[in-house]
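I have placed the structure first, in the form of structure tokens, so that the comments after it can refer back to it.
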Amino acid sequence: MSSAQPLDIHASVDALPGVGPAIAASLSRLGITTVIDLLDHVPMRYEHERAEATIADVEADLPGEDDAANISVRGEIAAIRSTPGRKPRIEATLEDDTGSIRLTWFNAPWLMRRIRPGSRLVVEGRASRWKGYLQLANPRWQFEEERDEAREDRLRPVYPASEDLPSTRIESLVTVALDLVLPEMVDPLPAELRHRRALPDIATAYDRIHRPSDPDAVAEARRRLAFDELLLLQLGVMMKRRHLRQTLHAAPLLLDDDVDRRIRERIPFTLTADQDRVCAEIAADLGSDRPMNRLLEGDVGSGKTAVAVYAMLLAAARGHQAALIAPTGILAEQHHASITRLLAGASVEVGLLTGSTPAAERRRIIERLAAGDLELLVGTHALLSEDVAFRSLGLSIIDEQHRFGVEQRSRLRRVDSAGRVPHLMVMTATPIPRTLSLTIFGDLDVSTIRERPPGRSATVTRVVPPARSDDVYGYLAERVKAGEQGFVVVPAIEESDAGLADVESHRRRLEQGALRDCRLAILHGRQSVRERESVMDAFRNREIDVLVATVVIEVGVDVPNATVMVVEHAERFGLAQLHQLRGRVGRGERRGVCAFIGEPATEDGRRRLEAIAESDDGFRIAELDLEIRGPGELFGARQSGTAPFRVADLVTDLDLLRIARTDASEWIQRDPTLLGPDATLLRGRLMATYGESLGLGDVG
Ligand code: ADP
Ligand code: MG
């Protein structure tokens, strides 16, 4: 490749020989627009190289017109010519001692400059018969003298490809790009760091991931490329975090024994040891004038709300306001109801502000917030709107973290007239897998509740085929007769949803059948707030025995007398969602029972349901969910622009992630804005990758 000019890795792919507008368009559909994108388009797997055959052997193996086989042969180019036209083509004849074979390449005019009559090549591809000739279309090729004879079992990369751009074509493009780029490639990581972590240099890594000699080479290359991805995100997150810490201030909310005692008096039970520990972690953060930025995670029913109330009361005790923000109106109403109950008889008051708060009521709340005589507010995004101004918002709590992106979190960071931002806590009832909490939520400190409040026994879970759903409803009717309550969850609201049970018709069916002696009501997201509130109140007051609902009850519903959860078409729900639903029962003294009715069409689907039936560990389930669905969906990464990685695997690369985290943290301490000379390349990549999504523009 001596004649070639070195190429900038950020150059557009059409700077590569052989890439015209058509190929560039095909590449762009695969998300590849620059040379480095192409190098980052890593193989999804590898295949073993074919053993070489003579041309006569191949002839013998392919007697008929329709026969085809993957082959590898070696020989000398007898002739080569190019055919111009709409589809420019290069045709060559390759001969060995036993016969000849025709080679055809499309859209590769540069090959004329490289392959000459007399060149000795090893070629590989899918051989077929064409008008009696043996031919190979778009074969991969190598000069014989470049071929490493030791690579009998060389691995062939197999790329994510498309119809108009097969893997073999990508492979030859990558080969061209590697030859042009690697000799000049500068490593973004300092040599010292590479040596300390035993990572190959970047050029070696790219070479090995695309043209490995053996599986160990692949593993080594993967490790390096994954490390870079993980390090980059950590650097971005930490840089941002440090910036926030240094430039933002919050009102310190100091806890002392007296305040602690008064808060505890308000809470009608003794906090568990886990709740105590977490409250102390939070109080320590709140006491500082640096804004808290903390994730509170805990399985369903672990008692996070009580912890939130503790923190909110601390803010109120120090003369500040606190807001709790939920992702849906229903959840906000739930929180409002349970906090109001918790604080019955106290002097503090809790307001509710959602999208459906009537205008007059909304005006009154806004006035009271501005005057400071409403201390606590529960609501939805509605309370983030511009005209909602607190006199002194000391603490914001977001429930259900993963539905809020990084950006929404920063909107909560509105600076008040005193130049301060509120402390921030996010709570999630869906435990976030460790890997995710370290990466995408890497800017948050994490508190975890693992222990459940006393007096709970694990919920019994059964997966039941639809044919036996009568047994399930029979059991539910019995529990109702014994004074308990239950939920029936169906996937859709409307009948139109091809054959799925909808809320209203399913209620009618149950009312006329198995549950004819029970009082039923429906609950779904299209009801008005008033309707939903009155249904939930009636359910809580035991005027209703069974709620037939959509997943609106997934989070937050807290009715200890409800012991049975039935989920129809369970295969339609995500694992984490099923676990959430299960968490709605068994919240009181009596054991919860949960029936997932479903008939998964696939083996995979069946395994998923069994897995959740067997495990009651929300963390384990969240991890399973991650394995099955991939991280993208879990943290809504596509919207928030923080894309999952190309090489790093959040399920298997946990150890590497830890290392990258340590290194990123050391680096940021040494060079907080990455302006040092050893960080130039890395900083460029960081800005290109995460500058926008993490809002790094204003950092340093
Ligand atoms: P989460 O929000 O984590 O799902 P909640 O805060 O709603 O859990 O608590 C679940 C149930 O347990 C509620 O009924 C709550 O009143 C009760 N609870 C919480 N903490 C305790 C405790 N320390 N002792 C007894 N009951 C508790
Ligand atoms: Mg809750």
Side-chain angles (χ1 to χ4, degrees), residues 260 263-282 294-313 324-328 330-344 346 350 376 378 397-403 425-432 446-459 484-485 487 536 539-542 551-563 565 576-592 594 616-619 621-622:
D260 179 64
I263 294 174
R264 283 172 194 270
E265 276 170 10
R266 292 263 62 90
I267 298 177
F269 38 74
T270 309
L271 297 181
T272 63
D274 261 15
Q275 284 170 322
D276 269 340
R277 174 178 47 76
V278 164
C279 283
E281 286 166 4
I282 293 166
R294 187 170 282 276
L295 176 69
L296 172 57
E297 59 176 11
D299 208 346
V300 280
S302 60
K304 293 181 298 298
T305 310
V307 172
V309 166
Y310 183 99
M312 291 170 87
L313 289 178
L324 174 64
I325 305 161
T328 68
I330 294 191
L331 190 50
E333 292 151 25
Q334 290 294 331
H335 273 309
H336 181 252
S338 53
I339 293 174
T340 306
R341 253 178 302 131
L342 214 58
L343 297 180
V350 195
L376 308 183
V378 176
I397 300 176
I398 310 175
D399 197 12
E400 286 307 296
Q401 161 64 18
H402 54 289
R403 303 190 191 186
M425 178 164 94
V426 287
M427 306 197 289
T428 179
T430 306
I432 294 172
V446 181
S447 291
T448 307
I449 308 182
R450 281 193 176 261
E451 162 196 23
R452 298 190 187 193
R456 304 290 182 76
S457 41
T459 293
E484 296 166 29
Q485 293 164 286
F487 304 98
M536 280 313 299
F539 189 64
R540 246 180 242 115
N541 298 332
R542 304 195 192 180
V551 281
V552 296
I553 62 160
E554 177 191 345
V555 276
V557 170
D558 184 19
V559 178
N561 192 51
T563 54
M565 167 64 68
Q577 212 167 19
L578 290 174
H579 184 62
Q580 287 293 315
L581 287 170
R582 171 165 61 189
R584 298 306 112 208
V585 296
R587 296 172 79 84
E589 311 278 83
R590 263 156 311 183
R591 179 184 279 276
C594 181
D616 193 36
D617 178 348
F619 284 83
I621 288 165

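One-based numbering, in listed order, for ligands and for the atoms of each. Quick note: residue numbers are just sequence positions, from 1.
When only interatomic distances are considered, the shortest N/O to N/O separation between G303 and ligand 1 falls below 3.5 Å.
You'll find the side chain of R277 stays beyond 4.5 Å of the side chain of E451, heavy atoms only. Side-chain atoms of L324 and V350, non-hydrogen and from C-beta on, never get closer than 4.5 Å to each other. Annotation: side chain of V309 is not in contact with side chain of I263 (no heavy-atom distance under 4.5 Å).
Contacts with ligand 1 closer than 4.0 Å are made by heavy atoms of both the backbone and the side chain of S302. With a 4.0 Å heavy-atom cut-off, ligand 1 is reached by the side chain of Q275 but not by its N, CA, C or O.
For the atom pair CD1 (I397) and CD1 (I282), the distance works out to 7.5 Å, reported to the nearest 0.5 Å.
One N or O on the side chain of K304 and one on the backbone of G298 form a donor-acceptor pair closer than 3.5 Å.
Side chains of N561 and R590: a donor-acceptor N/O pair is present below 3.5 angstrom, by distance only.
Close approach of ligand 1 to T270 is summarised as follows: ligand atoms under 4.0 Å from at least one heavy atom of the residue are 22 (C), 23 (N), 24 (N). Proximity to T272 (heavy-atom distance under 4.0 Å) selects the following atoms of ligand 1: 23 (N). The atoms of ligand 1 that sit less than 4.0 Å from any heavy atom of L271 are 23 (N). Within ligand 1, counting atoms from 1 as listed, the ones closer than 4.0 Å to a heavy atom of T305 are 2 (O), 5 (P), 6 (O), 7 (O).
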